[in-house]
Every structure is written in structure tokens, then in C-alpha cells.
Amino acid sequence: MSGEVTAPIVGPTTTPVAPEHGRVVTPRLARHHITLDDGHEVGVAVSGRGVPLVVVHGFSAEGILYAQTLSRLVGLGFKVIAIDVAGHGGTLGLPTGAGTFSNYTDLLIRVLDHLGIERAILAGHSMGGRLVTELAATQPDRAIAVILLDAIVGDAWDRLVNLFRICPPLLAGVGVALVVDTLSTVPLLRDPVQARKLGRLVTPTLLGHVRRPWRLVGPAVSIMRSRGSRWMLQRIAEEHIPLFAIHGDRDFAVPMATSRSAASRGHGELVVVHGGSHSWLLKDPESLPAIMQRLMQGRLGTAVRTAISDGGVDPDDADEDAIESVFYEPNAVVLQLTPAGGAIHDIEQLHRRPRYRFSITME
């Protein structure tokens, strides 16, 4: 089969996943705006069927920006749910005075409640990693596993936050480094086709920041005011929640020492992405699915099978309907938001070889 894939969309779709002119078509994310009971508008993107994989983006990004990577994760048997953080993408900002990460985490919890997601694998990139760590620590029964992607948790990051409080311009410097890193992910010369696809996703996000730069003030203040993350990681370890800290060894904005300490305190596994910068998962949409496939052969796969079994379903003889009955409320909203079409479960035949090599160690 050909490795040709279509570009992800940036809007709702009900088009079934099917071969197109002899090519394999990657499942697309359907983008929606939902309104919570308290009136808060939230942007979400959904695709696939099976075990819920909740993904939270980084500072200044939004969920649909990761569409190419996330659409490939559907092939591993996940229902991917990307949630826009408050003040990002399609989600309204928080009320004045809501300036701590706990406020952002509380909103994520309300979104999961609204969508009818009872348990999920919680994954977060950069700032999103901090939010899913706090979510898992405060509601451990909700987490099948925690996946940190160059996340701002761990002893090394906590020390940086103390420096930000003393010298706020240092945080601005980190912010600039993150923007530059994101822009550098567009491979103009190396892969023009990929550059066009990623450019279509990045441009609306950047234009949104230009039009409404004040939306980023709240998250930036929350970073400076954030308390230490040690207690969260220790709680995750105490609750025996599998934790996987994935980090690029060329991330100059968020040092890899943060993930090393996070994996150690959370009794988790450290995955080093060799040659990866902070936004490596945007630069190459194949690498994270390859890492996830490997993790599913180990502790992550065991955690998923255990969660399915705990729900009264035999993981060896379960179809997608049975699996979804374990993790979602009956008639859950997220099931109604999922675009039509089945998942593709042979990811090795769909895409190119991952650009990055990676290694896994237990901390």
C-alpha cells in the first residue's frame, strides 16, 4: 500500500475513513465547539474509536495544531480527544483573577465530565503536561496512565519557576524560544509537502495570537505563580499510575532534566527522543505514534488491558463497542462528536519511517 496520506482538516467532518484512489486515508480530527453547563465555550477535536487518549497542548498552541500526529494515533486503537486550554484555540479565557494552574485543571475536569469520559490516558505537551499531571494527582481514579511530552514538571522546572519570579523577563525569553522552536518545525527545504501541511495548521494559531495577544497573559502569569510539582508526581507514584516522560534531548526551552526528575519522582519510564527539540512531535508526525506503539507493548499496554478488564470486559475478545462501554458514560457527548469511519489498526503500513530515534529507561 502507498504511504500517501491526506492532510488533516481544521473543521468538523462526517466523511468515513476509506481508501481513496488506491491510497490509504488517515482518519481526520473533527473539530467542535462545546458549551459547558456554566456557559464556558471550549474547543475540542475528536477522532477514532476505543480507549480515550486525552491530549492537552502546550503554551501558545491549540489542539488542532497536533492534528497530523494525533490522526496517526487513532490507528493504535485510541479515541483521540484534543482539548484547547483556557485562552487558547476555541476555548474562552478564565474569569479575571483565575490565575493559577489549578483553575485551568478544573476546567479540564469539567470538560471531561461534560464529554462523559470517565477514565482516560492523559497526555500533555509542555504546559499541557503540567495540567494533566495535576489532573491525575487530584483525580487518580480517572487516569489510566500519564504521558508527559517535554512537560514543565519536575524539580529542574520548579527551580526555573523560582527564577522567573525573581526575574520575569526570563520567562519571556523562554516564550520566545518556544515560538522560534515552533516556527523552526516547518521543514521548508527538507520536506516542502510537510511544510505546507504544517503551515496550514500553524498560521491560524499565530494570527490568533497577533489579534489577541492578551489571551496569553493569563497562562504566563499562572506559570510564574505555579507551586512545585513534586507533590503531584509523588501522588501519581503512590497511586501506581503508570507514567511516561518523553523528552527531546535538544530541547533548550525546557531542559530534559525536568523529565528525568519527573520520571524518577513518578516512578515512571523516561523516553529520550534523540535530536528532538521542544516541538519534535510537530516536526515529525510519525515519531510519537512509533513511541506509543512501543509503550503499548510494555507497561502502557498492560495498564490499558487492566483497565478494560476492571470494567468487566475481556480485553482479548472485546470489540470497540465493548471497550467504549468501559470508559465512557452511556450516550456520552464525546461519542456523538466522533466522526464516522473505523480506525485503521496497521500503522506500520500507513506512514513513513519515524525521523527520530528514541530510547526507553526505567527511572
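Because the structure is a prediction, the values reported are computed rather than measured.
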Whether the [X] and [Y] side chains hold a donor-acceptor pair (N or O, under 3.5 Å, no angle test) is what I'd like checked.
{"X": "K79", "Y": "T338", "result": "yes"}
{"X": "S229", "Y": "D158", "result": "yes"}
{"X": "S102", "Y": "E134", "result": "yes"}

Quiz item: Counting heavy atoms not belonging to D37, are there more than 12 under 6.0 Å from its CG?
Solution: no
Quiz item: Does N331 CG have over 12 foreign heavy atoms under 6.0 Å away?
Solution: no
Examine distances only and state if a side-chain atom of [X] and a backbone atom of [Y] form a donor-acceptor pair shorter than 3.5 Å.
{"X": "T133", "Y": "G129", "answer": "yes"}
{"X": "S309", "Y": "R305", "answer": "no"}
{"X": "R142", "Y": "I117", "answer": "yes"}
{"X": "D284", "Y": "R355", "answer": "yes"}
{"X": "H57", "Y": "V85", "answer": "yes"}
{"X": "S259", "Y": "M256", "answer": "no"}
{"X": "H88", "Y": "A86", "answer": "yes"}

Quiz item: Centroid-to-centroid, F252 to H278, below 6.0 Å?
Solution: no
Exercise. Would you please test D141 and R119 for side-chain contact (heavy atoms from CB on, under 4.5 Å) and show each step?
Key: CA-CA 7 Å; D141 291 340; R119 297 193 70 193; 5.9 Å; no
Quiz item: Say you draw a straight line from CG of D155 to CZ of R260; how long is it, rounded to the nearest 0.5 Å?
Solution: 13.0 Å
Quiz item: Between atom OG1 of T100 and atom CG of D106, what is the distance when rounded to the nearest 0.5 Å?
Solution: 7.5 Å
Quiz prompt | Cation over ring face, R299 and F244, 6.0 Å, 45° | solution = yes
Practice problem: Using the six-membered ring wherever Trp is involved, compare the ring planes of Y356 and W280 and label them parallel, tilted or perpendicular (cut-offs 30° and 60°). | Solution: perpendicular
Quiz item: Do L243 and L233 touch side chain to side chain, with heavy atoms closer than 4.5 Å?
Solution: yes
